Amino acid sequence: MTSTGTSADTSTGIAGHVDVLTGSYTPDTGGEGVGLTALRLTPDDGVLSVVDAVAASGASFLAAHPTLPVVYTTHESMPGAVSAFGLREGAAPVPLGAPLTSGGANPCHLTVHPGGDFLLTANYGTDTLPGTVAVHRLDADGRLSDLTDVVEHKGSGPVTGRQEGTHAHQVLVDPAGRFVLATDLGADTVFTYQLDVVTGTLKPVATSQLRPGSGPRHLAFTPSGDLVLSADELSSTVTCHHYAAETGTLHELSRVPATAVADIPNQPAGIVTSSCGRYVWVTNRGADTVAAFRLDGTALEPLGEVPSGGSWPRGLTSTPGRLLVANQHSGTVAVLPVREDGTLGEAEVVVGVGSVVCGLVV
């Protein structure tokens, strides 16, 4: 499962259930999955079951419309595409029109602007094509309309083989709904924009240069909105930043290793914060763990880590009392209990979903 960049450990379901949609890499994108898989979680006992599935090529990230029963998925390929799907209770979603260009190569993250009129997409790019952020207008029923803007990131970093150019890895809107933030793993930068909600164009506002070689992958805000945590893929760290809401910029406050597992190359991926703002959880690819941290003011305190319930944990989703972990290489979704002190228990349930990389409570 995948963090949306906001705190979330409460959700609602139908008749005591929590409905979850997962995305997977498909055979045409190097995976073994179907695409989109509908699952149902019973919060009382942690039972997770597969309900239905529908084909969707390279579905590497999902986002929900804020008011309509519509979800959006990336199709991570070159050239990239994005699609809209209509939700159905107790079944897989149905496509709402044909996929549209994502405005770049290998789209890996997307989000809907809070007003519900625009879809924002982060395109990772390639070794030779830059990372970009694209904007699509949405129709009144949530269907994708025209591509209104594409902005190209510029920059690089010191890590050979990963940072010769830009690689946009996430796009999200700050808690106030004022700024659009785009993390760039290749440039060690968070780019800040303002969206013109009439024209659908992005205006550059600021850049936040993070630690060289850190490779920021995803951000997650605390509920207060003044702190934002980053999962740093290349330095295998978790960093707490002050978020200056008036300028849309980040300023580092504290930093800790993402895992205590030594002598194994590790890349943190998914990151979520608790709704109380005291706890942070991160998936570790390589160590194959999910790590828990407590925020003591602005300092991060490790609380330990547990096996992820599979191999190469990527996405992470928070539900009432539990975290769901998408383990890409093992093709499993694991259910981890969350204790009151923010620590995690080992997997209660593990369900097979081929090449699963992301998820969303719907």
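Quantities reported herein were computed from a predicted structural model and do not represent experimental measurements.
At least one side-chain heavy atom of Gln194 sits under 4.5 Å from a side-chain heavy atom of Val205. Considering only heavy atoms from C-beta on, Thr237 stays 4.5 Å or farther from Arg211 through its side chain. His113 places a side-chain heavy atom less than 4.5 Å from the side chain of Val173. Using a 4.5 Å cut-off on side-chain heavy atoms (C-beta onward), Pro268 and Ser236 make contact.
In the hydrophobic cluster analysis, where Ile, Leu, Val, Met, Phe, Trp and Tyr join through side-chain heavy atoms closer than 4.5 angstrom, Val34 is grouped apart from Val351.
Once rounded to the nearest 0.5 Å, the distance linking CG of Asn123 with CG of Asn106 reads 8.0 Å. Between Ser156 atom OG and Gln163 atom CD the span is 8.0 Å, to the nearest 0.5 Å. To the nearest 0.5 Å, the span separating CG on Leu181 from OG1 on Thr192 amounts to 5.0 Å.
Ring geometry, Tyr193 versus His153: the interplanar angle falls under 30°, so the pair is classed parallel (tilted spans 30 to 60°).
The shortest heavy-atom contact between Leu144 and Leu138 is CD2-CD2, 3.7 Å.
When only modelled atom types and interatomic distance are considered, Tyr25 and Glu76 share a side-chain donor-acceptor pair under 3.5 Å.
A salt bridge does not link Asp341 to Arg339: none of the charged side-chain nitrogens sits closer than 4.0 Å to a carboxylate oxygen.
Other members of the cluster containing Leu185 are Tyr124, Val159, Leu234, with ILVMFWY side chains joined at under 4.5 Å, either directly or via other members.
Between Thr74 and the options Ser57, Ser83, Ser60, a side-chain hydrogen bond (donor to acceptor under 3.5 Å, both in side chains) holds for only Ser60.
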Which side-chain N or O atoms in residues 290-303 pair as donor and acceptor under 3.5 Å with protein atoms at least two apart or in another chain?
residue: Arg294; atom: NE; partner: Glu301; partner atom: OE1; Å: 3.2
residue: Arg294; atom: NH2; partner: Glu301; partner atom: OE1; Å: 2.9
residue: Arg294; atom: NH2; partner: Glu301; partner atom: OE2; Å: 2.9

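Atom CG of Asp127 has 12 or fewer heavy atoms from other residues, nucleotides or ligands within 6.0 Å.
Screening residues 327-358 for ring-ring contact (aromatic ring centres under 6.0 Å, His included) gives Trp312-His329 as the qualifying pairs, with residues at least two apart or on separate chains.
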